[in-house]
Amino acid sequence: MEHVSFSPLSRVAICGGTHGNEMSGVYIVREMQKQKVDQKGSVSITTVLSNPRAVDACRRYMETDLNRCFTDALLSAPITDSTPYELRRAHELNAQLGPKGSREAVDLLCDIHNTTANMGMCLIFYSSDWINLHIYKYIQSKMTSAPVRAFLIDVPPSEAYSLETVGKHGVAIEVGPQPHGVLRADIFNMAKDAVDLSIEWLQKFNSGSAFEGGEVEAYTLVRSVDYPRDPTTNDITAAIHPQLQDNDFKLLHPGDPVFQSFSGEMVKHEGEDLYPLFVNECAYYEKKIAFHLTKKITVTLPTVSVKED
């Protein structure tokens, strides 16, 4: 099996509050700052409250979604008097933790999110990055409180739009279900465990441990599905069907119910067998997404270790 070595991964950023009403990350970051957690063994830790204005207002964002502001085009756009607050903040975060794509960027950026969907523990990556996937494999082997899954988004780095892409390696830790503006201890604990295990993996990696290759399962996007809508008013005309609600990652077969109209009619899934994600996510109503449909893939990992001097 292939063996790949990397330079030590000594600088990690832990971010929360990128969406100001997703409370697990807000309180994990605040607690780490209160405890002055800035170093664990070989790993230096920077903690960041990403969108402080939205956190203070307990809103997802103030003017535009911060977690869509990190493409190369947006980060290189000039700041003017009309630039939205979140895009200004994205430039500040890129200067602090990046710049994106540079040697100066933090080695690993973990951005903590919550979803109202029944996703359990889901790690989101933008490429088949061996470091990200080994961390996922490690968390999956250690965490027993919930299933641990990975969602791979296949877009070029220049078009990757979320905060974790500023780091050399980056992961969004997506945990749910948790209502926006609410803190649940079980969801907080899962998110905190994922952060702690990520740092633990980095320490072991830096100390010379080799992590054996193998296979991991992940999900990749096929398409997003909107709610049925009135062609005149564009208002939704159906809700997620009870048989689909809370069944993220459960295989959908053709003919399975996905929506129930307000007049009581059922809308069925059409096409191939696929896995639904982010089912009935509250924040996706404005994006006109009822759920994502994904396929499951198997990724073969090489053995990884730190480069020797």
Under 6.0 Å from the CD atom of Q39, do we count more than 12 heavy atoms belonging to anything else shown?
-> yes

Below 4.5 Å, heavy atoms only, C-beta onward: do K168 and V106 meet side chain to side chain?
-> no

Start with the C-alpha gap between R89 and E86, add the side-chain angles, then the distance that decides, and say whether salt bridge (charged side-chain N to carboxylate O under 4.0 Å, His left out) holds.
-> CA-CA 5 Å; R89 185 65 182 138; E86 273 83 7; over 6 Å; no

Polar side chain donor-acceptor pair, Q243 to D256, under 3.5 angstrom = no

Do the side-chain N and O atoms of N114 and S24 include a donor-acceptor pair separated by under 3.5 angstrom?
-> yes

Between H180 and E281, a side-chain donor and acceptor under 3.5 Å = yes

Single-linkage hydrophobic cluster, 4.5 Å side-chain cutoff, V48 and L87 together | no

same_hphob_cluster(L108, L133) at 4.5 Å side-chain heavy-atom cutoff = yes

Taking side chain as C-beta onward, heavy atoms only, is E164 less than 4.5 Å from F70?
-> no

Side chains of K204 and F211: closer than 4.5 Å at any heavy-atom pair?
-> yes

Got a second to check how far C15's SG is from I28's CD1, nearest 0.5 Å?
-> 12.0 Å

For Q140 and V148, indicate whether the former's side chain and the latter's backbone hold a donor-acceptor pair under 3.5 Å.
-> yes

Apply side chain to side chain contact (heavy atoms under 4.5 Å, CB included) to S50 and L163, showing your working.
-> CA-CA 9 Å; S50 310; L163 172 57; 3.4 Å; yes

Measure the CE-CE distance between M143 and M190 for me, rounded to the nearest 0.5 Å.
-> 7.5 Å

Going by heavy atoms in the side chains, are D273 and P254 under 4.5 Å from each other?
-> yes

Would H113 and E22 count as having a side-chain donor-acceptor pair, cut-off 3.5 Å?
-> yes

Main-chain N/O of V182 paired with Q178 side-chain donor or acceptor, under 3.5 Å | yes

N/O donor-acceptor pair under 3.5 Å between R59 side chain and M62 backbone | yes

Backbone N or O of L9 within a donor-acceptor pair of the D107 side chain at under 3.5 Å?
-> no

Would you say K287 has more than 12 foreign heavy atoms packed within less than 6.0 Å of its NZ?
-> yes

Find out if a path of hydrophobic residues (ILVMFWY) with successive side-chain heavy-atom gaps under 4.5 Å connects I153 to M121.
-> no

Least distance between heavy atoms, I173 atom then C110 atom | CD1-CB, 4.2 Å

Do the side-chain N and O atoms of S162 and Y126 include a donor-acceptor pair separated by under 3.5 angstrom?
-> yes

Check whether more than 12 heavy atoms from other residues, nucleotides or ligands sit under 6.0 Å from atom CG of D154, and answer yes or no.
-> no

Donor-acceptor contact present, side-chain D248 to main-chain V279, <3.5 Å | yes

Over all atoms of both residues, closest heavy-atom pair of K307 and S5 = CG-OG, 3.3 Å

Give a yes or no on whether the backbone of G170 and the side-chain of N132 come within a donor-acceptor separation of less than 3.5 Å.
-> yes

Say whether S158 and D72, considering side chains only, have a donor N or O and an acceptor N or O under 3.5 Å apart.
-> no

Between S224 and H292, do the side chains contain an N or O donor and an N or O acceptor separated by less than 3.5 Å?
-> yes

Between N94 and A90, is there a donor-acceptor pair closer than 3.5 Å when you use the side chain of the first and the backbone of the second?
-> no

Please determine, by modelled atom types, if Y161 and D65 share a side-chain donor-acceptor pair under 3.5 angstrom.
-> no

What about Y285 and Y227, are their ring centers closer than 6.0 Å?
-> yes

Pairwise side-chain contact, I14 with T46, heavy-atom cut-off 4.5 Å (strictly under) | no

Considering all heavy atoms, the nearest M23-C58 contact = SD-SG, 4.3 Å

Could you tell me which non-hydrogen atom of P228 sits nearest to which non-hydrogen atom of V267, and how far apart they are?
-> CG-CG2, 4.5 Å

How many angstroms lie between NE2 in H3 and OG1 in T303, if you round to the nearest 0.5 Å?
-> 6.0 Å

Note: P179 and T116 closest approach over all heavy atoms is CA-CG2, 4.1 Å

Quick check: does any side chain N or O of K100 sit under 3.5 Å from a backbone N or O of P157, one acting as donor and the other as acceptor?
-> yes

Could you state whether V26 and I45 fall into the same hydrophobic cluster, counting links through intermediate Ile, Leu, Val, Met, Phe, Trp or Tyr residues with side-chain heavy atoms under 4.5 angstrom apart?
-> yes

Kindly say whether the aromatic ring centers of F6 and W130 come within a distance under 6.0 Å.
-> no

Do R30's NZ or CZ and the ring of Y27 fall within the cation-pi criteria of under 6.0 Å and 45°?
-> yes

Side chains of D111 and T18: donor-acceptor distance under 3.5 Å anywhere?
-> yes

Report yes or no: do V171 and L109 belong to one cluster of Ile/Leu/Val/Met/Phe/Trp/Tyr joined by side chain heavy-atom distances under 4.5 Å?
-> no

Audit row: V299, I297, side chain to side chain contact (heavy atoms under 4.5 Å, CB included) steps and yes/no | CA-CA 7 Å; V299 182; I297 63 170; 3.9 Å; yes

Polar side chain donor-acceptor pair, D129 to Y136, under 3.5 angstrom = no

Stepwise, does the side chain to side chain contact (heavy atoms under 4.5 Å, CB included) test hold for S198 with I139?
-> CA-CA 7 Å; S198 298; I139 293 173; 3.6 Å; yes

Would you call V258 and L252 a side-chain contact if the rule is heavy atoms closer than 4.5 Å?
-> yes

Check for a donor-acceptor pair, side chain of K250 on one end and backbone N or O of Y275 on the other, with a separation under 3.5 Å.
-> no

May I ask you to check whether E31 and Q35 show a side-chain donor-acceptor distance below 3.5 Å?
-> yes

Can you tell me how far CZ of F151 sits from CZ of F249, rounded to the nearest 0.5 angstrom?
-> 8.5 Å

Could you grab the distance from atom CG of L97 to atom CG of L93, nearest 0.5 Å is fine?
-> 6.0 Å

Answer yes or no: is there a side-chain heavy-atom contact under 4.5 Å between V195 and I112?
-> yes

Of all heavy-atom pairs between Q260 and P242, which one has the smallest distance, and what is that distance?
-> OE1-CD, 3.8 Å

Start with the C-alpha gap between F125 and H169, add the side-chain angles, then the distance that decides, and say whether side chain to side chain contact (heavy atoms under 4.5 Å, CB included) holds.
-> CA-CA 9 Å; F125 313 120; H169 310 278; over 6 Å; no

Rounded distance [0.5 Å steps], SG in C69 versus CG in L75 | 8.5 Å

Check: E104 main-chain N/O paired with R11 side-chain donor or acceptor under 3.5 Å | yes

Quick one: are I289 and F278 in side-chain contact, heavy atoms under 4.5 Å?
-> no

